[in-house]
A.B. asks: 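Please find one structure pasted underneath; my questions will follow.
Everything quoted here is computed from the prediction, not taken from an experiment.
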Amino acid sequence: MAGAGGSAFARSRPMMAGAGRADAAWALTKWWKAHTPDNGLVMRTLSPYEQQPVMPWMKTWPQAAYTKFVRSVPYWGTSFFIVWATVEITDAIDAQESMDHRF
């Protein structure tokens with residue numbers, strides 16, 4: 001089962017012996033082998049020294065919420081009006097039919 005060469009771990013012995021990178025564990029040498037640095041990539045991260053990471057959002061949140069509300073009024077306002085008008089018209093038609101079918 002192990003093959004003609006002998007041990008089943010014959011190919012892994014050099015890695016276990018430390019014949020790879022010295023700055024990473026032997027299990028990670030294959031993982032980090034293909035790592036290439038990102039040239040020109042700009043990453044924005046939050047500093048660990050930032051004391052108030054949410055405060056800028058909290059300062060602008062009321063204005064943003066108001067703006068979203070005002071911009072969406074035509075859509076939900078129109079929908080509300082159509083539903084209200086439909087209910088009023090159907091109630092009026094139902095009341096009229098009730099009066100027409102009296103004995």
Side-chain angles (χ1 to χ4, degrees):
M1 297 246 179
S7 173
F9 301 107
R11 293 185 181 165
S12 61
R13 267 194 216 125
M15 285 186 84
M16 292 173 71
R21 294 176 51 169
D23 61 338
W26 69 270
L28 296 176
T29 53
K30 180 113 173 140
W31 180 268
W32 289 104
K33 185 177 183 181
H35 174 70
T36 56
D38 299 323
N39 295 326
L41 179 66
V42 178
M43 294 180 65
R44 298 182 71 190
T45 59
L46 184 62
S47 170
Y49 302 105
E50 181 73 34
Q51 297 297 316
Q52 297 178 342
V54 183
M55 189 54 82
W57 175 80
M58 290 185 72
K59 287 181 180 177
T60 60
W61 179 78
Q63 182 63 33
Y66 175 76
T67 303
K68 282 186 177 184
F69 177 77
V70 169
R71 286 183 181 171
S72 66
V73 164
Y75 301 107
W76 61 262
T78 303
S79 300
F80 178 76
F81 176 75
I82 290 172
V83 169
W84 175 79
T86 303
V87 169
E88 289 296 321
I89 290 170
T90 54
D91 282 348
I93 292 172
D94 185 51
Q96 182 62 38
E97 284 182 354
S98 295
M99 295 298 283
D100 290 343
H101 296 298
R102 289 185 133 188
F103 293 106

A.B. asks: Check residues 72-83 and write down every donor-acceptor pair under 3.5 Å in which the side-chain atom is one partner and the other belongs to a residue at least two apart or another chain.
C.D. replies:
| residue | atom | partner | partner atom | Å |
| --- | --- | --- | --- | --- |
| Ser72 | OG | Lys68 | O | 3.1 |
| Ser72 | OG | Phe69 | O | 3.1 |
| Ser72 | OG | Trp76 | NE1 | 3.4 |
| Trp76 | NE1 | Ser72 | O | 3.4 |
| Thr78 | OG1 | Pro74 | O | 2.5 |
| Ser79 | OG | Tyr75 | O | 3.0 |

A.B. asks: Test of understanding: with side chain to side chain contact (heavy atoms under 4.5 Å, CB included), list the residues that count as partners of Gln63, not counting sequence neighbours.
C.D. replies: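 Side chain to side chain contact (heavy atoms under 4.5 Å, CB included) check on Gln63 returns Tyr66, Thr67.
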A.B. asks: Residues two or more places apart in sequence or in another chain: which of them pass side chain to side chain contact (heavy atoms under 4.5 Å, CB included) with Ile89?
C.D. replies: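 With sequence neighbours excluded, Ile89 shows a side chain to side chain contact (heavy atoms under 4.5 Å, CB included) to Ile93, given in chain and number order.
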A.B. asks: Give me each pair satisfying side-chain hydrogen bond (donor to acceptor under 3.5 Å, both in side chains) with a member in residues 81-99, each pair once, sequence neighbours excluded.
C.D. replies: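 Every pair satisfying side-chain hydrogen bond (donor to acceptor under 3.5 Å, both in side chains) with a residue in residues 81-99: Gln96-Asp100.
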